[in-house]
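What follows is a set of notes on a single structure, which appears directly below.
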Amino acid sequence: MSLFDLSGPESIETIPFPAEKDGLASYILHRKPVLLEGVREALPFTRDWNYEFFRQALKSIRIQRKSEDGIYHYLGFERIPISDFNQVMETTHDGYALEPLKGRGVSEDLPPGIAVDLPAFVPESGFRVSNLYIGPGKNKSLLHYDETHSLLMMLEGRKRFILFSPDQSDYMYPYSPFSLRALLENRVVDSKIDCENPDLSHHPKLRMAKGLTGWLEEGQALFIPAGTWHFIEAEGRNVSVNYFWLQNRFKDWMQQPLLNFWLKRRAIDVLDQLRKVKHKLSTV
């Protein structure tokens, strides 16, 4: 079996891309995923954005290599010339690009002509980062959640997804926020489940999980609420841009899996303080 076999009877709702500030308010409040139609019409700056556009516009790009399990873990990035990345895309397929376009981590090498506007429903105060993702195909993520809301916009190609609501966290076999190894490897938001070959003998509660599946097609966007577990796999060459923004209520932080994330952040803060103390002692 695969993780997609855990699809429940419900189908994901599709609505026009909201133009109003409160256009996603109900979905955010109830932490309900939704597909949005009409990305290019709603955000005109994306109209010409595809792989060829970025291949011509960028001088270099930040990529990661596959790990031994074939997954991109969002660790160990390197910056390479765009011509080298094109070789990866055309031949080895051993690389997946993640390039910040707005917010945290934007490279000085990013051309000034590539500008990202926020949709009306993404608050400037809560905005964190907008990333460009480019993959050769069959690139997939781990089953994980984010502490922020996410909007993933498909600009070329298509991706298949399965989502599990936050109230199914107990079935997702997350890493403990008190696991030192998970903290050091940044794995607390990940599931221990092998998405390609789920082992129900080791993870029996997974049988009770009911996912929401669908395809994210070119010109669509997928809203993934904070704390929603998700696994996404691209079919062929793909280009997408996302937004991450923080807009959680206190009530959301007190429920799983966001409570685990809050505890993780506190543990990381403690580890950072211990490192600073150790450094000061070693210099005395």
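The closest side-chain heavy-atom distance from L132 to V239 is below 4.5 Å. Contact annotation: the side chain of I224 never approaches that of P33 to less than 4.5 Å [non-hydrogen atoms, C-beta and beyond]. Taking 4.5 Å as the limit, every side-chain heavy atom of V39 sits out of range of all side-chain heavy atoms of M154. Taking 4.5 Å as the limit, some side-chain heavy atom of R237 sits within range of a side-chain heavy atom of E156.
A salt bridge does not link K210 to E10: none of the charged side-chain nitrogens sits closer than 4.0 Å to a carboxylate oxygen.
When atom types are taken as modelled, the side chain of D5 and the backbone of L3 share no donor-acceptor pair closer than 3.5 angstrom. With hydrogens and angles disregarded, a donor-acceptor distance shorter than 3.5 Å links the side chain of N50 to the backbone of E52. Between the side chain of H149 and the main chain of A226, a donor-acceptor pair closer than 3.5 Å is present. Side chain of R31 to backbone of L29: no donor-acceptor contact under 3.5 angstrom is found. Judged purely by atom type and a 3.5 angstrom limit, N131 has no side-chain atom pairing as donor or acceptor with the backbone of N242. No donor-acceptor distance shorter than 3.5 angstrom exists from the side chain of R62 to the backbone of E99, with no hydrogens or angles considered. Side-chain N or O atoms of Y51 include none that pairs as donor or acceptor with a backbone N or O of P136 at under 3.5 Å. The closest donor-acceptor contact from the side chain of Q87 to the backbone of T91 lies at 3.5 Å or more, if one exists at all.
For the pair W229 and S191, the tightest heavy-atom approach, listed with the atom from each and the gap, is CZ3-N, 3.7 Å.
Ring-centre distance between F17 and F121: below the 6.0 Å cut-off.
Using cut-offs of 30° and 60° for the angle between ring planes, the F261 and Y145 rings count as perpendicular.
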Apply the test side-chain hydrogen bond (donor to acceptor under 3.5 Å, both in side chains) to residues D167 and S165: give CA-CA distance (whole Å), side-chain angles for both, the deciding distance (0.1 Å), then the verdict.
CA-CA 5 Å; D167 60 12; S165 59; 2.4 Å; yes

